[in-house]
Amino acid sequence: MTDDHEAVRDLLAAWAFGALDPAEEETVAAHLAACESCAAEAARLRGTVRLLDGPPPKAPARSADGVLSLALRTRPAVARIAGHAAPYAAAVAGLKALLPELADRWATPVVHDWDAHATLAHLLAADEHLATRLGIGARVPPSRIEEGTPWEDAWDRRTADVIAHEHGRTPEETVADWAAQAEQLLGTPEARDAELAARAVTLMGMRLPVAEHFLVRAFETWIHTDDIGRALGLAVPPPPREHLGQLVRLAVRVLGLALGTGAPPVLFSVTGGEEWVLGSEDEPVRAELALEPVDFCLLVGGRYTPQTVPRGATGDAAAVRNVLERAASLAWL
């Protein structure tokens with residue numbers, strides 16, 4: 001029953017937007033008829049969507065929350081998408097909403113040594129990996145990368161090439177190509193069919209189901225939207241709780257694989273959510289570590305260091321430090 005409950009909670013946001021396939025819709029409807037807490041959450045989400053679909057405000061909102069709401073009010077009709085693609089669709093909508101705030105500020109420093117224009121070019125390059133694997137043609141001339149080049153070096157080269165190419169174009173042209181590529185991704189059969197998205201492919205050094213690569217794209221799009229918001233002095237809201245939970249569970253799974261089964265075991269939890277034992281399963285837990293879900297994602301995304309991320313921890317300090325350092329080492333954004 002618990003597994004069914006959690007599975008349905010993961011689908012509620014997509015359900016509210018009418019983005020489920022018929023089988024998922026039937027599953028959610030049956031669960032809502034029997035689960036009072038999920039029914040209440042579903043009603044809240046559906047009510048929010050109805051409000052967002054109302055008439056747009058007369059003047060554009062200045063807060064990032066208002067910008068995101070405006071984007072959702074004016075979003076075009078899209079093909080139905082499955083629950084695994086819903087976080088990416090929401091992240092794309094959020095970034096689209098924020099971009100008009102840049103206006104003539106595209107040269108604003110954002111992250112690393114990138115300005116806002118380069119940050120969007122980076123996302124164009126990052127989405128390209130999944131897009132080409134799903135049969136979508138690249139929008140930037142290919143890079144000259146020798147066969148056998150480590151994926152990290154190949155990725156750095158491709159990013160640099162795309163940024164250089166896009167800096168020779170206008171920001172509006174870069175926006176148009178990024179948005180068109182994102183729309184094509186969300187229009188693929190894999191974005192609508194969980195069964196098709198279950199096949200595993202290797203991208204960016206990670207072998208994951210296509211469904212989880214959509215979550216990786218959502219994760220990175222949100223992180224860089226937050227980067228741009230911070231550069232502009234706007235607070236970007238985190239993903240909806242259901243989407244954030246999907247991102248956290250993916251990050252925990254990848255972290256667990258990175259730690260391996262020989263690491264000192266740590267009971268890890270996100271505040272108000274689930275808990276996992278990371279590391280060895282053959283010895284007693286040595287420590288407990290708790291992070292807020294957004295802080296955990298920012299750590300994995302390279303926006304916190306192991307030393308600065310807010311946490312609650314007890315027990316073996318070295319075991320805790322090992323988890324935090326390994327989580328931070330996953331960052332490539």
Side-chain angles (χ1 to χ4, degrees), residues 56-57 59-79 81 85-132 134 136-143 155 158-188 191 214 216-237 239 301 333:
R62 297 301 301 174
S63 72
D65 290 282
V67 169
L68 178 57
S69 295
L70 176 60
L72 292 173
R73 289 187 185 101
T74 58
R75 67 189 187 277
V78 296
I81 56 174
Y88 177 61
V92 167
L95 180 51
K96 283 181 178 178
L98 189 60
L99 292 179
E101 297 293 317
L102 283 163
D104 58 352
R105 300 174 63 186
W106 282 95
T108 301
V110 174
V111 67
H112 309 313
D113 60 348
W114 302 336
D115 60 12
H117 191 178
T119 302
L120 195 68
H122 164 76
L123 280 176
L124 176 63
D127 284 352
E128 178 186 81
H129 291 265
L130 180 59
T132 55
L134 298 185
I136 298 168
R139 294 175 172 271
V140 179
S143 299
W155 168 229
R158 183 56 178 163
T159 298
D161 286 353
V162 173
I163 288 174
H165 181 270
E166 295 306 311
H167 267 157
R169 307 170 75 213
T170 66
E172 292 74 20
E173 289 173 317
T174 303
V175 168
D177 272 353
W178 165 78
Q181 182 174 253
E183 289 176 8
Q184 284 182 291
L185 271 170
L186 291 168
T188 59
F214 269 102
V216 173
R217 304 307 331 125
F219 191 108
E220 184 166 9
T221 303
W222 160 51
I223 290 288
H224 286 310
T225 301
D226 187 66
D227 289 336
I228 293 171
R230 290 173 187 270
L232 297 177
L234 291 171
V236 172
L333 308 182

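What's counted below: heavy atoms across the whole structure, side chains too, no hydrogens, waters or symmetry copies.
The two residues Gly229 and Val236 come nearest to each other via the heavy atoms CA-CG2, 3.8 Å. The nearest pair of heavy atoms linking Ala121 to Val162 is O-CG1, 3.4 Å. Scanning both residues, Leu186 and Ala85, for their nearest heavy atoms gives CD2-O, 4.0 Å. Residues Pro141 and Arg158 share a closest heavy-atom pair of O-NH1, 2.7 Å. Minimum heavy-atom separation, Ala191 to Phe214: CB-CZ, 3.8 Å.
Atom CZ of Arg169 sits in a crowded spot, with more than 12 heavy atoms from other residues, nucleotides or ligands closer than 6.0 Å.
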* Could you walk me through whether Glu220 and Ile223 pass the side-chain contact (heavy atoms from CB on, under 4.5 Å) check? -> CA-CA 5 Å; Glu220 184 166 9; Ile223 290 288; 5.6 Å; no
* Step by step, would you call His112 with His122 a side-chain contact (heavy atoms from CB on, under 4.5 Å)? -> CA-CA 11 Å; His112 309 313; His122 164 76; over 6 Å; no
* To do: Could you walk me through whether Val140 and Asp161 pass side-chain contact (heavy atoms from CB on, under 4.5 Å), step by step?
  => CA-CA 9 Å; Val140 179; Asp161 286 353; over 6 Å; no
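Two residues are said to be in side-chain contact when any heavy atoms from C-beta on lie closer than 4.5 Å; Leu95 and Leu123 meet this criterion. Residues Leu130 and Tyr88 have side chains not in contact (no heavy-atom distance under 4.5 Å, counting atoms from C-beta outward). The shortest side-chain heavy-atom distance between Trp106 and Val175 falls under the 4.5 Å cut-off.
Note on Glu166 versus Arg139: no salt bridge recorded, every NZ/NE/NH1/NH2 to OD/OE distance being 4.0 Å or above.
For the pair Gln184 (side chain) and Ala131 (backbone), a donor-acceptor distance under 3.5 Å is absent. Of the possible polar contacts, one joining the Glu173 side chain to the Thr170 backbone as a donor-acceptor pair under 3.5 Å is found. Formation of a donor-acceptor pair under 3.5 Å by the Thr221 side chain with backbone atoms of Ala218 is not found in this model.
Every residue meeting the ring pair (Phe, Tyr, Trp, His ring centres under 6.0 Å) condition with His129, not counting sequence neighbours, appears here in chain and number order: Trp155.
Interatomic distance, CD1 of Ile228 versus CZ of Arg105, reported as 11.5 Å (0.5 Å rounding). Atom CG of Leu232 and atom CG of Leu99 lie 9.5 Å apart (nearest 0.5 Å). Summarising the geometry, atom NE2 belonging to His117 is positioned 8.5 Å from atom CD belonging to Glu172; distances are rounded to the nearest 0.5 Å. Annotation: the span from Thr225 atom OG1 to Leu120 atom CG amounts to 9.0 Å, rounded to 0.5 Å. Put simply, OG1 on Thr108 and CZ on Arg230 are 16.0 Å apart, with the number rounded to the nearest 0.5 Å. For the atom pair CH2 (Trp178) and OG1 (Thr119), the distance works out to 12.5 Å, reported to the nearest 0.5 Å.
Counting only residues at least two apart or in different chains, salt bridge (Lys or Arg N to Asp or Glu O under 4.0 Å) contacts with residues 114-127 comprise Asp127-Arg217.
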